[in-house]
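The analysis underlying the following values was restricted to heavy atoms, covering all of them including side chains, and did not include hydrogens, waters or symmetry mates.
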Amino acid sequence: MVSRIWLYDMTNYWPNSAYNTLLISPDRQLLVTDDFLRTYLLRPELSLVPESCAIEKALHQRLMENPRSEIADAEIATMADEDIQENYRVWLRYRARLLAASSLESFYMSLFRGEGVDVPPLFVAQLAQIFVRHILGDEVHPLEARMGELFFRTQKITVLEDSIVMGADEETVSRNAQAGDTGNIMDLLKGKSMTMRSADLDVLYEENAAEYWTRNTNFDFAVQLNFGHEPINHFCRVLEKWIEHFLGAKVRITPMQQISDPKWSWHVGLDAAATEILNKLYNKETVEADELEKVICLFRLDFIDEAAVAKAQAGKPVYMAIAMNEQQQLKLKPQNLLFNLPLAKAS
């Protein structure tokens with residue numbers, strides 16, 4: 001019997017994501033609820049403070065009772081704090097688009113069409129976390145959950161001895177550095193054994209994976225991102241599930257060390273840095289060695305269902321990559337997978 005010890009009490013991981021406030025439709029789409037809308041009213045940008053004026057207090061109370069209440073701009077304009085006025089205008093535009101969409105997935109897809117994203121990046125990242133939580137479900141390997149963090153949290157990348165590539169949550173690294181406990185991830189990740197000098201930032205691997213559930217809200221596990229290591233394999237599974245949920249297309253994604261395909265016909269960068277590098281390689285432009293070193297891993301995507309792919313791309317792989325930018329960050333753009341694959345057009 002295969003051990004399932006890693007399933008240790010994780011049914012409510014990432015509880016602060018607001019996932020539990022949403023409803024799930026019969027076709028597994030997420031539906032906005034009043035409780036979901038209320039989570040935004042409780043955020044620092046909109047929550048009441050002692051300095052809140054009477055008009056702001058009354059408006060906030062009305063929205064807490066009925067988050068779908070109509071609010072006139074003239075009413076917002078009478079609030080004393082101009083910053084709060086603007087915060088409400090931003091949220092109300094966001095709310096209007098949420099409520100006009102048939103599902104949260106439909107809303108998310110609409111964000112990247114047309115003239116560009118017009119909501120705060122923080123909201124977009126929060127939605128990505130909700131979707132990953134939904135897609136992975138309750139019975140998920142902890143390494144899969146940790147790699148799912150890449151969809152909504154920037155990773156700080158450090159290359160150690162022997163080209164070991166480590167990723168750690170950038171916010172956590174910054175917080176540790178500010179606390180004076182450690183200077184940076186390099187100080188935390190010393191030696192080939194991956195022995196940690198700080199209990200605040202351990203490396204997550206197969207043997208200690210179950211520990212993730214007791215600290216899943218801390219985002220304080222580092223992971224090794226080299227080809228051939230388990231975290232990258234689990235990352236592939238998350239990518240596959242993301243594509244299937246949004247696009248209904250079954251794919252198989254495999255890590256690669258290099259692309260040596262003379263008939264290379266399609267690629268997708270999973271972040272801005274990877275997109276730039278893949279474009280140069282595809283166009284046979286000169287790519288300097290230091291730029292190539294920014295590539296963390298390459299991937300090959302194959303469509304299991306050939307009916308889902310455009311005829312011209314049938315039977316051909318799609319190559320993908322993740323890479324760190326000049327600031328040694330990995331900033332995934334999961335929406336790239338939803339709009340840049342060679343899918344067959346719906347009839």
A.B. asks: Are any of the side-chain heavy atoms of Glu86 and Asp83 separated by less than 4.5 Å?
C.D. replies: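 No - every pair of side-chain heavy atoms lies 4.5 Å or more apart.
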A.B. asks: Examine distances only and state if a side-chain atom of Trp266 and a backbone atom of Asn340 form a donor-acceptor pair shorter than 3.5 Å.
C.D. replies: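 Yes.
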A.B. asks: Between Asp81 and Ile84, is there a donor-acceptor pair closer than 3.5 Å when you use the side chain of the first and the backbone of the second?
C.D. replies: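 Confirmed, Asp81 side chain pairs with Ile84 backbone.
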A.B. asks: To the nearest 0.5 angstrom, please state how far the CG atom of Leu330 sits from the NZ atom of Lys294.
C.D. replies: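 If I round to the nearest 0.5 Å, the distance is 13.5 Å.
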A.B. asks: Would you call Asp118 and Arg97 a salt bridge, using N to O less than 4.0 angstrom?
C.D. replies: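 Arg97 and Asp118: salt-bridged.
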A.B. asks: Is there a side-chain contact between Asp73 and Leu92, using heavy atoms and a 4.5 Å cut-off?
C.D. replies: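 No, side chains not in contact.
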A.B. asks: Please confirm whether the backbone N or O of Pro67 pairs with a side-chain atom of Arg95, one donor and one acceptor, at under 3.5 Å?
C.D. replies: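 Flag set: sc Arg95 to bb Pro67 pair under 3.5 Å.
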A.B. asks: Where the side chain of Asn325 meets the backbone of Lys331, is there a donor-acceptor pair that is under 3.5 Å apart?
C.D. replies: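 Not a single qualifying donor-acceptor pair exists.
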A.B. asks: Evaluate side-chain hydrogen bond (donor to acceptor under 3.5 Å, both in side chains) for His134 paired with Gln29, printing each intermediate quantity in order.
C.D. replies: CA-CA 9 Å; His134 179 51; Gln29 300 293 287; over 6 Å; no
A.B. asks: Is there a side chain to side chain contact (heavy atoms under 4.5 Å, CB included) between Met324 and Val165 once you walk through the steps?
C.D. replies: CA-CA 11 Å; Met324 59 178 156; Val165 180; over 6 Å; no
A.B. asks: I'd like to know whether Arg300 forms a salt bridge (Lys or Arg N to Asp or Glu O under 4.0 Å) with Asp261, so could you lay out the CA-CA distance, the side-chain angles of the two residues, the decisive distance to 0.1 Å, and finally the verdict.
C.D. replies: CA-CA 11 Å; Arg300 171 182 172 135; Asp261 183 355; 5.8 Å; no
A.B. asks: Hey, are Arg62 and Glu65 close enough for a salt bridge, meaning a charged N less than 4.0 Å from a carboxylate O?
C.D. replies: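 No.
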A.B. asks: Take Asp27 and Ser25 through the test side-chain hydrogen bond (donor to acceptor under 3.5 Å, both in side chains) and record every step on the way to the result.
C.D. replies: CA-CA 5 Å; Asp27 60 352; Ser25 70; 2.2 Å; yes
A.B. asks: Measuring from atom OG1 of Thr275 to atom CG of Asn336, what distance do you get when rounded to the nearest 0.5 angstrom?
C.D. replies: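 It comes to 5.0 Å.
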A.B. asks: Ignoring hydrogens and angles, tell me if any N or O in the side chain of Glu105 forms a donor-acceptor pair with the backbone of Phe246 under 3.5 Å.
C.D. replies: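 Answer holds: no.
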A.B. asks: Determine whether a donor-acceptor pair (N or O, by modelled atom type, separation under 3.5 Å) exists between the side chain of Thr21 and the backbone of Ala18.
C.D. replies: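 Present.
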A.B. asks: Taking Asn208 for its side chain and Leu204 for its backbone only, find out whether a donor-acceptor pair lies under 3.5 Å.
C.D. replies: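 No.
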A.B. asks: Please answer whether the main-chain N or O of Tyr13 pairs with a side-chain N or O of Arg133 as donor and acceptor at a distance below 3.5 Å.
C.D. replies: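 Yes; at least one donor-acceptor contact below 3.5 Å.
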A.B. asks: How are the rings of Trp14 and Phe152 set relative to one another: parallel (under 30°), tilted (30 to 60°) or perpendicular (over 60°)?
C.D. replies: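 Trp14 and Phe152: perpendicular rings.
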A.B. asks: Looking at Glu326, I'd like to know if its CD atom is crowded, meaning that more than 12 non-hydrogen atoms belonging to other residues, nucleotides or ligands lie closer than 6.0 Å.
C.D. replies: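 No.
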A.B. asks: Are side-chain heavy atoms of Arg43 and Leu122 found at a separation under 4.5 Å?
C.D. replies: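 Contact flag for Arg43/Leu122 side chains = yes.
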A.B. asks: Determine whether Met256 and Phe303 fall in the same hydrophobic cluster, where Ile, Leu, Val, Met, Phe, Trp and Tyr are linked whenever their side-chain heavy atoms lie under 4.5 Å apart.
C.D. replies: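 Result: no, two separate clusters.
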A.B. asks: Ignoring hydrogens, what is the shortest heavy-atom contact between Met320 and Leu337? Give both atom names and the distance.
C.D. replies: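 Smallest interatomic distance, heavy atoms only, reads SD-CD2, 3.5 Å.
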A.B. asks: Using the side chain to side chain contact (heavy atoms under 4.5 Å, CB included) rule, pick out the option among Val124, Val90, Leu127 that qualifies with Val119.
C.D. replies: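 It is Val124, the one option of Val124, Val90, Leu127 that forms the side chain to side chain contact (heavy atoms under 4.5 Å, CB included) with Val119.
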A.B. asks: If you apply the rule side chain to side chain contact (heavy atoms under 4.5 Å, CB included), what do you find for Lys280 with Glu291, and how did you get there?
C.D. replies: CA-CA 11 Å; Lys280 287 183 178 180; Glu291 190 171 10; 3.3 Å; yes
A.B. asks: Is it the case that one hydrophobic cluster holds both Val295 and Phe299, taking links as side-chain heavy atoms less than 4.5 Å apart, direct or via other members?
C.D. replies: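 No, because Val295 and Phe299 fall into different hydrophobic clusters, even though each may have its own neighbours under 4.5 Å.
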A.B. asks: Taking C-beta and beyond as the side chain, do Leu239 and Leu270 meet within less than 4.5 Å on heavy atoms?
C.D. replies: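 Yes, side chains in contact.
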A.B. asks: Measure across Ser163 and Asn226 and return the closest heavy-atom pair with its distance rounded to 0.1 Å.
C.D. replies: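 Scanning both residues, the minimum pair turns out to be O-ND2, 2.8 Å.
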A.B. asks: Hey, could you give me the OH/CG distance between Tyr108 and Leu104, rounded to the nearest 0.5 Å?
C.D. replies: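 Between atom OH of Tyr108 and atom CG of Leu104 there are 10.0 Å.
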A.B. asks: Count I, L, V, M, F, W, Y as connected when their side-chain heavy atoms are under 4.5 Å apart, and connections chain through other members. Are Leu31 and Leu99 then in the same cluster?
C.D. replies: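 Different clusters.
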A.B. asks: Evaluate side chain to side chain contact (heavy atoms under 4.5 Å, CB included) for Phe235 paired with Ile253, printing each intermediate quantity in order.
C.D. replies: CA-CA 9 Å; Phe235 180 57; Ile253 297 174; over 6 Å; no
A.B. asks: When rounded to the nearest 0.5 angstrom, what is the spacing between OH in Tyr88 and NE2 in His60?
C.D. replies: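 Reported to 0.5 Å precision, the distance equals 4.5 Å.
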A.B. asks: Are Leu292 and Phe227 connected into the same hydrophobic cluster when the rule is that any two of I, L, V, M, F, W, Y join if their side-chain heavy atoms are below 4.5 Å apart?
C.D. replies: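 As far as the 4.5 Å side-chain criterion goes, Leu292 and Phe227 are not connected within one cluster.
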A.B. asks: Does the side chain of Gln313 reach to within under 4.5 Å of the side chain of Ser265, using non-hydrogen atoms?
C.D. replies: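 Contact flag for Gln313/Ser265 side chains = yes.
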A.B. asks: Kindly compute the distance separating CG (Leu298) from CD1 (Ile259), expressed to the nearest 0.5 Å.
C.D. replies: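 So the gap between those two atoms works out to 5.0 Å.
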A.B. asks: Angle between ring planes, Tyr319 versus Trp264, binned at 30° and 60°: parallel, tilted or perpendicular?
C.D. replies: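 If you compare the ring of Tyr319 with that of Trp264, the planes turn out perpendicular.
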A.B. asks: Given Glu244 and Lys241, is the salt bridge (Lys or Arg N to Asp or Glu O under 4.0 Å) satisfied, shown in steps?
C.D. replies: CA-CA 5 Å; Glu244 183 174 4; Lys241 292 174 182 178; over 6 Å; no
A.B. asks: Can the ring centres of Tyr40 and Phe123 be said to be less than 6.0 Å apart?
C.D. replies: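 Ring-ring flag for Tyr40/Phe123: true, centres closer than 6.0 Å.
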A.B. asks: Hey, do the aromatic rings of Tyr94 and Phe107 have their centres closer than 6.0 Å?
C.D. replies: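 Yes.
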A.B. asks: Closest heavy-atom contact between Ala323 and Ile277?
C.D. replies: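 Where Ala323 meets Ile277 most closely, the heavy atoms are CB-CD1, 4.2 Å.
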A.B. asks: In terms of the angle between their ring planes, are His245 and Phe131 parallel, tilted or perpendicular, with boundaries placed at 30° and 60°?
C.D. replies: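 Tilted.
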A.B. asks: Please evaluate residues Met109 and Leu247 with respect to the criterion side chain to side chain contact (heavy atoms under 4.5 Å, CB included), reporting the C-alpha separation (whole Å), side-chain torsions for both, the decisive distance (0.1 Å), and the verdict.
C.D. replies: CA-CA 10 Å; Met109 295 285 282; Leu247 303 178; 4.2 Å; yes
A.B. asks: Please check if Leu48 and Ile55 belong to a single hydrophobic cluster, counting links between Ile, Leu, Val, Met, Phe, Trp and Tyr side chain heavy atoms closer than 4.5 Å.
C.D. replies: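 Shared cluster, no.
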A.B. asks: Look up atom CD1 in Ile322 and atom CD1 in Ile296, then write down how far apart they are to the nearest 0.5 Å.
C.D. replies: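 So the gap between those two atoms works out to 4.5 Å.
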A.B. asks: Please confirm whether the backbone N or O of Tyr205 pairs with a side-chain atom of Glu230, one donor and one acceptor, at under 3.5 Å?
C.D. replies: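 Pair absent, no side-chain N/O of Glu230 close to backbone of Tyr205.
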A.B. asks: How close do Leu143 and Pro231 get, counting heavy atoms only, and between which atoms?
C.D. replies: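 That would be CD2-CG, 4.1 Å.
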A.B. asks: For Arg153, which residues count as a salt bridge (Lys or Arg N to Asp or Glu O under 4.0 Å) partner, sequence neighbours excluded?
C.D. replies: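 So Arg153 forms a salt bridge (Lys or Arg N to Asp or Glu O under 4.0 Å) with Asp169, Glu171.
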A.B. asks: Looking only at heavy atoms, which two atoms of Ser52 and Lys57 are closest? And how far apart?
C.D. replies: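 Where Ser52 meets Lys57 most closely, the heavy atoms are O-CE, 3.2 Å.
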A.B. asks: State, with a plain yes or no, whether a side-chain heavy atom of Leu30 is found less than 4.5 Å away from one of Ser103.
C.D. replies: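 Leu30 vs Ser103: side chains apart.
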A.B. asks: Does the side chain of Leu37 come within less than 4.5 Å of Leu98's, by heavy atoms?
C.D. replies: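 Yes, their side chains come closer than 4.5 Å.
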A.B. asks: Can you name the nearest heavy-atom pair linking Val268 to Leu278, along with the distance?
C.D. replies: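 Reported closest heavy-atom pair: O-CD1, 3.7 Å.
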A.B. asks: Evaluate the side-chain proximity of Val251 to Val318: yes if any heavy-atom separation is below 4.5 Å, no if none is.
C.D. replies: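 SC-SC contact between Val318 and Val251 ruled out.
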A.B. asks: Is the backbone N or O of Ile164 less than 3.5 Å from a side-chain atom of Asp162, with the two atoms forming a donor-acceptor pair by type?
C.D. replies: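 No: the side chain of Asp162 does not pair with the backbone of Ile164.
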